[in-house]
Amino acid sequence: MKETLLPSSIKNKEKRSAVHAKLKQQKKVEKKRNQKVREAAEKKALELGEDPPPKKTPRTIENTRELDETVCKPDDEELFAGNDADEFSSILKQECIPKILITTSRFHSSRGPDFIEDLRSIIPNAHYYKRGTYDLKKIVEYAKKKDFTSVIVVHTNRREPDALLIIGIPNGPTAHFKLSKLVLRKDIKNHGNPTSHQPELVLNNFTTRLGHRVGRLIQSLFPQDPHFNGRRVVTFHNQRDFVFFRHHRYIFETKESKTPEGKDKKENKAARPGKVIARLQECGPRFTLKLTSLQYGTFDTQGGEYEWVHKPEMDTSRRRFFL
């Protein structure tokens, strides 16, 4: 049997690319052939009144991830007991209303104010204070005196927001996120304008103990009694340890079906009820977060103890995730 020549073993660049293109074409033809066989089998099963053959589950990085002992389970009593005693329980039980202080790093940027204005429109009861020359520890002390529940610091580098620091008040924790792929509301085509209603919050795929804790930290920024009539949805979707943020409002519209030919259009329009459809309109902004560290207590760079810190040696596999 003739062995398949691997492109990586060919030193000549032109010959290597030609062999690679040929192998790619062969895979494409084989994939189409297998698809036709599956479709024929499904059609035959339907004709005979039998159940069609089960569909194959595609192999993805997500469903082939490395086994993790810290993945939360629905019957984990220890996890639920910890939820009742953690730093966010008073907010999530609606015993107090979230009050957020937003500030910046000392070096301001041109896009920073627009991003902060977008954040204020997303998070209810958020207040912006100029940083000035104050140390972050003094800002945290001020936030404790004024009964704030969280502090958000927007860090900038080269006139571009590049990090978010979220500090729980009064007892922490402190989460440091890398911020990337920021698109402001004004830069989104046909964006919607959000109302003052409290949004619904959607958190996806925060499955591990660390992810559960980060999810509760994000959840503590928002009130726990959303106004459903405002039709606002804020989504934090975790995929491969990248947290994608989106802000939408959903719209209900009445769509009329086409009028049949040869009949009176006015009579059909009056007699036929319209079909109600739902669609999403993005309000913005959109950005991506990547957790770099989670620290016990409030911000302390010298004596602070860290729950989790991302290190380069952790990235040994593409199928290893922490959130």
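Ionic pairing of Lys178 and Asp162 is not present here: no N-O contact between side-chain nitrogen and carboxylate oxygen is shorter than 4.0 angstrom. Salt bridge Glu307/Arg213: present, at least one basic N to carboxylate O contact under 4.0 Å. Contact check on Asp76 versus Arg209 returns a salt bridge, with a Lys/Arg side-chain nitrogen under 4.0 Å from an Asp/Glu carboxylate oxygen. Between Glu282 and Arg286 there is a salt bridge, since at least one side-chain N of the basic residue sits less than 4.0 Å from a carboxylate O of the acidic one. The pair Asp68-Arg320 does not meet the salt-bridge criterion, since no charged nitrogen lies less than 4.0 angstrom from a carboxylate oxygen. A salt bridge between Arg232 and Glu200 is absent, with no side-chain N of the basic residue lying under 4.0 Å from a carboxylate O of the acidic one. Here Lys44 does not pair with Glu47 in a salt bridge; the nearest charged N to carboxylate O distance is not below 4.0 Å.
For an aromatic pair to be called close, the ring centres must be under 6.0 Å apart, and Phe236 with Phe244 fails this.
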inquiry  = Determine whether His310 and Asp241 satisfy the following criterion, side chain to side chain donor-acceptor pair (under 3.5 Å), listing intermediate values before the conclusion.
reply    = CA-CA 11 Å; His310 179 264; Asp241 287 348; over 6 Å; no
request  = Using the side chain to side chain donor-acceptor pair (under 3.5 Å) rule, take Ser105 and His155 through it: C-alpha gap first, then chi angles, then the decisive distance, then the call.
outcome  = CA-CA 5 Å; Ser105 60; His155 185 271; 4.8 Å; no
request  = Report the C-alpha distance between Arg59 and Thr64 in whole Å, list the side-chain angles of each, state the deciding distance to 0.1 Å, and finish with yes or no for side chain to side chain donor-acceptor pair (under 3.5 Å).
outcome  = CA-CA 7 Å; Arg59 282 184 87 251; Thr64 57; 4.8 Å; no
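Gln295 and Glu305 are not linked by any side-chain donor-acceptor pair at a separation below 3.5 angstrom, with hydrogens and angles left out of the test. For the residue pair Arg111 and Thr156, no side-chain donor N or O sits within less than 3.5 Å of a side-chain acceptor on the partner. In this structure, a donor-acceptor pair under 3.5 Å is absent between the side chains of Thr104 and Arg131.
Using a 30° and 60° split on the angle between ring planes, Phe287 and Phe245 fall in the parallel class, below 30°.
Listed by chain and number, the residues in a side chain to side chain contact (heavy atoms under 4.5 Å, CB included) with Ile97 are Asn125 (sequence neighbours excluded).
The heavy-atom pair separating Leu164 from Phe115 by the smallest distance is CD2-CE2, 4.2 Å.
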